[in-house]
Structures are given as C-alpha cells and as structure tokens.
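Working notes, beginning with the structure itself.
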Amino acid sequence: MNIATLPLASADTAAFCEGARLLPVRGVRGGQPFAVQDWVAEEVPVALEYNGISHAVMLATPLDLEDFALGFSLSEGILEAAHELYASEVESAERGITVRLEVSAAAFARLKQRRRSLAGRTGCGLCGTESLAQVARELPVLGAGPSFERAAIGRAMAQFQSLQTLQEATGAVHAAAWCSADGEVVWLREDVGRHNALDKLVGALAANEVDAAAGFIAVTSRASFEMVQKAAMAGVSLLAAVSAPTSFAVETAQRAGLTLVGFARREDLGVYSHPQRLPADTVAANGQRPH
C-alpha cells in the first residue's frame with residue numbers, strides 16, 4: 001500500500017514487495033508532517049540482446065523479464081512465433097539487466113533488416129525508429145472473433161485493484177490483463193511502463209500457448225496506437241482501456257479490425273472502432289461522449 005492511501009503509522013511495516021524498494025520519505029499529509037519508509041517501484045535499464053547483438057535498451061520493472069523479451073520480440077515483429085526463440089537468459093549487473101536471446105536465423109535476419117536501435121524511456125516502443133514508415137507497420141487484419149458482453153468488460157476492470165499487488169504497494173505501475181470472454185482475469189502483468197506491461201502479457205500468453213484470440217485484453221492506461229498495434233499482433237480482437245484512446249490508436253484499430261474500447265469503468269464504456277463484437281445496445285444506449 002502506498003502512503004497516499006495507507007495510514008502513516010503502518011506504512012513502514014509492510015513485508016517484502018517484489019519489484020519495489022523500501023525508501024525513506026518525508027512530507028505532510030492532512031496538515032500533519034510524517035517521516036516513514038515507503039515502497040517505491042523499481043525502474044532499471046533493461047537491454048535486449050539478440051544472438052550477441054544489442055538491440056534495445058528500455059526502462060522497466062525488473063519482473064517477468066523473459067515474458068517481456070518474448071512479448072516485445074513478437075509485438076515488434078522480430079519473431080513471427082514463439083518457437084523462433086530458442087533460449088533466453090537474464091543477467092543482472094551494476095548498471096542494469098541484460099536479457100540475452102538466442103533466436104532463429106530468420107528472426108535475426110528480420111532484426112537486422114529493420115535496423116532499429118532503441119535507447120528509450122520506459123519502453124515507449126518508438127524511440128530510435130529511423131523513419132515514419134517504421135512507425136505504423138503492416139498489421140494482420142483480425143478475423144470476426146468472439147463477441148463480448150459489456151458486463152464482461154466491467155467484470156474484468158473490477159478485478160484490477162485486487163490483483164495489482166505492485167500497484168497497491170507503490171501506486172506507480174500500469175497493468176495489462178488477458179481476460180476470458182466472460183471477463184475473468186486469467187493473466188496479468190505489471191510494469192512502470194504501460195507498453196512494457198502489455199509486452200510482458202503478450203510474452204506470457206505466447207510462452208504458455210494461450211489462445212489469445214479467445215479473450216480480450218484490458219489495460220489500466222490510455223490506449224495509444226502502440227497498445228493497439230501490440231494487441232493486434234497478439235491476435236486479440238478487443239482492447240479495453242480504462243482511459244481514453246488517441247486518434248492514431250482509433251485509426252490503427254480501424255485498420256486492423258480491432259474493437260477499441262475506452263473509458264472502461266465498471267460497466268460504462270465507449271466504443272471507438274468495430275462495435276460489432278459488442279451487443280447493439282452497448283453502442284445505441286448512449287450517444288454521448290463517455291467520461
């Protein structure tokens with residue numbers, strides 16, 4: 001629990017929290033000064049190295065890094081399938097963490113062709129992109145996929161608070177979750193970067209051979225175009241975000257055939273593209289902009 005919500009008297013008594021460090025903090029709340037130990041989310045440089053060649057350095061929460069590396073590789077189109085990753089190894093050093101990936105010759109050739117060298121902040125996914133053509137890649141056009149009830153999306157959103165253990169401790173991380181068609185959160189990953197959280201989720205789904213198309217993805221952040229792109233690359237036909245989408249996200253979702261839902265809170269939501277996967281009354285019930 002972070003100090004914004006926890007009684008100050010107990011803020012320094014929490015147990016071990018993976019992905020966070022206990023640091024001193026002083027301040028004033030409610031007019032009363034305080035000095036406690038508080039959990040702060042870890043953020044470390046993470047380098048991805050393919051067949052001995054450094055490709056990207058991003059800032060991330062040092063949890064589930066093998067999922068992160070696999071998901072990033074799939075989302076970025078470096079790997080066409082999980083089986084092209086032969087092995088991965090995580091090595092920590094004083095300056096950060098390196099994830100060494102051994103990939104197929106075809107994947108490595110794909111990587112070299114793209115000639116990207118990322119040195120970005122919190123996995124924005126675009127830093128280092130060399131041309132406008134590399135920003136919006138060709139995406140697979142998603143099939144019809146399953147239909148989803150509005151209540152299922154609301155049910156998924158309602159589970160975030162109880163499942164986000166790192167967010168509860170630090171108040172500083174995003175989450176991405178894969179949910180069954182009836183709204184049960186099955187897989188969830190957290191990270192200081194929203195794109196990182198989604199890459200970790202995509203990697204976990206691939207590593208565990210989950211049929212991602214059978215459910216939907218829910219995220220605690222806004223829906224940027226990169227989030228739409230990553231969801232489409234994972235074969236997921238509906239992305240629900242607790243905050244707003246961007247215009248580029250909507251355009252990308254239209255192009256990929258993805259149903260993009262924003263402002264998904266409880267059972268309220270707004271549908272920005274391909275509403276056919278939701279009941280007709282979800283769109284018709286409210287013609288006003290959601291808030």
Side-chain angles (χ1 to χ4, degrees), residues 18-19 44-93 96-120 122-129 134 137-140 142 175-178 186-215 217 219 226-236 239 256:
E18 193 175 20
V44 301
V46 176
L48 300 184
E49 189 178 288
Y50 294 83
N51 292 0
I53 303 298
S54 181
H55 173 62
V57 179
M58 288 166 284
L59 297 175
T61 300
L63 297 175
D64 304 305
L65 291 181
E66 291 186 331
D67 287 345
F68 174 51
L70 175 56
F72 176 86
S73 304
L74 290 167
S75 297
E76 292 294 307
I78 297 168
L79 302 179
E80 289 189 345
H83 64 76
E84 290 191 308
L85 175 61
Y86 297 155
S88 62
E89 179 183 16
V90 178
E91 181 178 308
S92 298
I97 298 174
T98 300
V99 184
R100 296 191 170 86
L101 306 170
E102 182 183 349
V103 301
S104 69
F108 192 54
R110 219 173 286 130
L111 173 69
K112 289 193 293 185
Q113 186 176 16
R114 296 191 59 184
R115 296 183 65 248
R116 294 184 61 185
S117 177
L118 311 183
T122 321
C124 74
L126 290 180
C127 303
T129 299
Q134 289 180 329
R137 300 191 306 274
E138 287 296 323
L139 294 176
L142 298 164
W178 184 83
V186 182
W187 294 89
L188 182 143
R189 291 291 183 267
E190 292 181 282
D191 198 282
V192 290
R194 61 184 185 276
H195 305 106
N196 296 346
L198 184 49
D199 277 332
K200 288 179 176 180
L201 177 67
V202 171
L205 296 177
N208 290 279
E209 300 181 342
V210 176
D211 179 12
I217 287 177
V219 296
E226 303 103 305
M227 305 291 276
V228 170
Q229 189 164 261
K230 291 175 187 295
M233 289 293 285
V236 174
L239 173 65

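All residue numbers in this chain count up from 1 along the given sequence. Quick note: numbers below take in every heavy atom, side chains included, and nothing from hydrogens, waters or symmetry partners.
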Nearest heavy-atom contact between A234 and A212 is O-CB, 3.6 Å
State, with a plain yes or no, whether a side-chain heavy atom of L101 is found less than 4.5 Å away from one of S73.
yes
Do any N or O atoms from the side chain of D191 and from the backbone of G193 form a donor-acceptor pair under 3.5 angstrom?
yes
Heavy-atom closest pair, residues A176 and V219:
CB-CG1, 3.9 Å
Are D67 and R189 close enough that some pair of their side-chain heavy atoms sits under 4.5 Å apart?
yes
side-chain contact (heavy atoms from CB on, under 4.5 Å) partners for A106, two or more places apart
E84, S104, R110
What distance do I53 atom CD1 and L48 atom CG have between them, rounded to the nearest 0.5 Å?
13.5 Å
Measure the shortest side-chain to side-chain distance between I217 and L198 over non-hydrogen atoms and say whether it is less than 4.5 angstrom.
yes
When rounded to the nearest 0.5 Å, the distance separating CG of L139 from NZ of K230 is 11.5 Å
Scanning both residues in full, the closest heavy-atom pair of A232 with P140 reads O-CG, 3.8 Å
Does some side-chain heavy atom of V57 sit less than 4.5 Å from a side-chain heavy atom of V46?
no
Answer whether the closest heavy-atom distance between the side chains of L239 and M227 falls below 4.5 Å.
yes
Has the side chain of W178 got a donor or acceptor atom that lies under 3.5 Å from a matching backbone atom of L205?
no
Just so I know, are the side chains of Y86 and V103 near enough to count as touching, which here means a heavy-atom distance under 4.5 Å?
no
Locate the shortest heavy-atom distance separating N196 from A60; write the atom from each residue and the value.
ND2-CB, 3.4 Å
Applying side chain to side chain contact (heavy atoms under 4.5 Å, CB included), run through N51 and E102 and close with a yes or a no.
CA-CA 5 Å; N51 292 0; E102 182 183 349; 4.1 Å; yes
The side-chain contact (heavy atoms from CB on, under 4.5 Å) partners of V90 (sequence neighbours excluded) come to L65, E66, I97, V99
Looking at L79 and A107, what are the two nearest heavy atoms and their distance?
CD2-CB, 3.7 Å
Only counting residues at least two apart or in another chain, list the ones meeting side chain to side chain donor-acceptor pair (under 3.5 Å) with T61.
none
From NE2 (H195) to OG (S75), nearest 0.5 Å
10.5 Å
Only pairs at least two apart or in different chains count here, so list each salt bridge (Lys or Arg N to Asp or Glu O under 4.0 Å) that has a residue in residues 44-58.
E49-R100
Test side chain to side chain contact (heavy atoms under 4.5 Å, CB included) on F68 and L63 and set out the steps.
CA-CA 9 Å; F68 174 51; L63 297 175; over 6 Å; no
Are F72 and M58 close enough that some pair of their side-chain heavy atoms sits under 4.5 Å apart?
yes
Who are the side-chain contact (heavy atoms from CB on, under 4.5 Å) partners of A109, not counting sequence neighbours?
none
About how many Å separate CE of M233 and CD of E80, when rounded to the nearest 0.5 Å?
8.5 Å
Not counting sequence neighbours, which residues clear side chain to side chain donor-acceptor pair (under 3.5 Å) with D64? List them please.
none
With sequence neighbours excluded, what pairs up with A175 under the side-chain contact (heavy atoms from CB on, under 4.5 Å) test?
F160, Q164, L188, E190, T220
With heavy-atom distances below 4.5 Å as the criterion, would you say the side chains of L59 and P45 are in contact?
yes
Closest heavy-atom pair and its distance - A206, L70:
CB-CD2, 4.0 Å
